[in-house]
Amino acid sequence: MKLTGSVVFLPVQNLEETRRFYTQVLGLELAMVQPGGAEIYDTGRGYWGFCQYGDGRPALGGDKGVCLSLNCQDRAQVDARWRAALERGAQPVQPPARHSRFPVYSCFLADPDGYRVELQVIEME
């Protein structure tokens with residue numbers, strides 16, 4: 001049987017701040033609001049879910065935490081999305097550059113819980 005899709009759920013501290021970041025700063029579509037404090041966002045090729053559990057569990061963000069990557073069409077789109085996110089108040093982590101280890105041109109932003117959000121284009125040589 002073929003699967004129909006997937007959702008990765010991550011804990012957050014403030015669902016309203018998360019919603020503002022992913023819809024207004026990154027421009028993702030809020031695909032579903034679930035009762036109980038969960039929201040699902042459409043990335044165009046899958047879904048990210050965020051839950052405000054209310055039990056004190058920590059977010060998995062920061063330097064050694066989860067990285068959420070969005071694939072762009074080319075370097076120009078990476079650069080344009082980087083500039084737009086900064087203009088909308090995103091916290092920069094690393095500006096656009098060719099990655100030293102992986103075949104990508106990318107940049108990194110931090111969401112309200114410290115999750116690193118990467119905007120990238122794969123550049124296979």
Side-chain angles (χ1 to χ4, degrees):
M1 283 184 244
K2 186 174 181 162
L3 299 173
T4 61
S6 67
V7 180
V8 173
F9 282 96
L10 297 167
V12 297
Q13 298 303 308
N14 185 313
L15 206 50
E16 288 180 27
E17 287 180 14
T18 299
R19 182 182 320 115
R20 188 194 76 72
F21 178 81
Y22 286 97
T23 59
Q24 295 176 20
V25 174
L26 286 185
L28 296 184
E29 177 186 338
L30 177 59
M32 181 185 297
V33 176
Q34 294 181 335
E39 295 184 351
I40 299 171
Y41 296 84
D42 187 346
T43 68
R45 299 287 289 193
Y47 297 91
W48 295 344
F50 297 96
C51 295
Q52 189 171 334
Y53 291 100
D55 61 4
R57 76 181 68 188
L60 306 170
D63 290 343
K64 296 185 181 194
V66 171
C67 175
L68 302 168
S69 189
L70 294 167
N71 295 321
C72 297
Q73 294 175 354
D74 53 31
R75 283 185 179 213
Q77 188 180 38
V78 171
D79 293 341
R81 286 184 168 269
W82 164 262
R83 286 189 305 273
L86 294 182
E87 289 170 4
R88 295 177 186 135
Q91 178 183 348
V93 174
Q94 180 181 336
R98 175 79 176 175
H99 197 283
S100 61
R101 181 174 173 196
F102 300 106
V104 298
Y105 176 80
S106 68
C107 61
F108 294 88
L109 306 162
D111 88 348
D113 286 282
Y115 292 113
R116 284 186 174 220
V117 178
E118 178 183 33
L119 302 169
Q120 73 164 0
V121 61
I122 298 170
E123 297 183 325
M124 300 299 285
E125 297 179 276

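Residues take their numbers from the sequence shown, with the count starting at 1.
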How close do Pro11 and Pro58 get, heavy atom to heavy atom, and via which atoms?
CG-O, 3.4 Å
Min side-chain heavy-atom separation Pro103-Met124 under 4.5 Å:
yes
Under a single-linkage definition using a 4.5 Å side-chain heavy-atom cutoff for Ile, Leu, Val, Met, Phe, Trp and Tyr, are Tyr53 and Tyr41 assigned to the same hydrophobic cluster?
no
Nearest heavy atoms of Leu109 and Ala85, plus distance in Å:
CD1-CB, 3.6 Å
For Arg75, which residues count as a salt bridge (Lys or Arg N to Asp or Glu O under 4.0 Å) partner, sequence neighbours excluded?
Glu123
For Ser106, enumerate each residue passing the side-chain hydrogen bond (donor to acceptor under 3.5 Å, both in side chains) test, keeping only those at least two apart in sequence or located in another chain.
Glu118
What ring-ring contact (aromatic ring centres under 6.0 Å, His included) pairs are there with at least one residue in residues 56-75, not counting sequence neighbours?
none
Please tell me if the side chains of Leu68 and Thr43 come closer than 4.5 Å, counting only heavy atoms from C-beta onward.
no
Check whether any side-chain heavy atom of Tyr22 lies under 4.5 Å from a side-chain heavy atom of Glu17, and answer yes or no.
no
Kindly check if the number of other-residue, nucleotide or ligand heavy atoms within 6.0 Å of CD (Glu16) is above 12?
no
4.5 Å side-chain heavy-atom contact, Val25 and Arg20
yes
Check side-chain hydrogen bond (donor to acceptor under 3.5 Å, both in side chains) between Tyr115 and all other residues, then give those that pass, not counting sequence neighbours.
none
Using the test side-chain hydrogen bond (donor to acceptor under 3.5 Å, both in side chains), find all partners of Arg19 that sit at least two apart in sequence or belong to another chain.
Glu39
Going by side-chain hydrogen bond (donor to acceptor under 3.5 Å, both in side chains), name the residues that satisfy it together with Asn71, two or more places apart in sequence or in a different chain.
Gln120
Derivation and outcome, side chain to side chain contact (heavy atoms under 4.5 Å, CB included), residues Leu28 and Thr23
CA-CA 5 Å; Leu28 296 184; Thr23 59; 5.7 Å; no
Can you run down the ring-ring contact (aromatic ring centres under 6.0 Å, His included) pairs that involve residues 60-90, sequence neighbours left out, and say none if there aren't any?
none
Among pairs that include at least one residue of residues 3-14, which meet side chain to side chain donor-acceptor pair (under 3.5 Å), considering only residues two or more places apart or in two chains?
none
Side chain proximity check, Pro112 to Val12, heavy atoms < 4.5 angstrom:
no
Could you pull out every donor-acceptor pair under 3.5 Å between side chains of residues 44-51 and any protein atom, sequence neighbours left out?
none

Spatial distance of atom SG (Cys107) from atom CG (Leu86) [nearest 0.5 Å]:
8.0 Å
Compare every heavy atom of Val121 with every heavy atom of Cys72, then report the nearest pair and how far apart it is.
O-CG2, 3.7 Å
Identify, with sequence neighbours excluded, every residue that meets salt bridge (Lys or Arg N to Asp or Glu O under 4.0 Å) alongside Arg57.
Asp55
Does the side chain of Val117 come within less than 4.5 Å of Leu26's, by heavy atoms?
yes
For Asp113 and Leu10: C-alpha separation, side-chain torsions, deciding distance, then whether side chain to side chain contact (heavy atoms under 4.5 Å, CB included) applies.
CA-CA 10 Å; Asp113 286 282; Leu10 297 167; over 6 Å; no
Test item: Gln91 side-chain N/O and Ala110 main-chain N/O as donor-acceptor pair under 3.5 Å:
no
Hydrophobic clusters here meaning ILVMFWY residues chained together by side-chain heavy-atom distances under 4.5 Å, can you tell me if Ile40 and Val8 are in one?
no
What heavy-atom pair brings Gln77 and Gln73 nearest, and what distance separates the two atoms?
OE1-N, 2.5 Å
Tell me yes or no: between the side chains of Asp79 and Tyr105, is some donor less than 3.5 Å from an acceptor?
yes
By salt bridge (Lys or Arg N to Asp or Glu O under 4.0 Å), which residues pair with Arg116, not counting sequence neighbours?
Asp63
Taking all non-hydrogen atoms of both residues into account, name the closest pair between His99 and Arg101 and its distance.
ND1-N, 2.9 Å
Starting from Val93 and following side-chain heavy-atom contacts under 4.5 Å between hydrophobic residues (I, L, V, M, F, W, Y), which residues can be reached?
Phe108
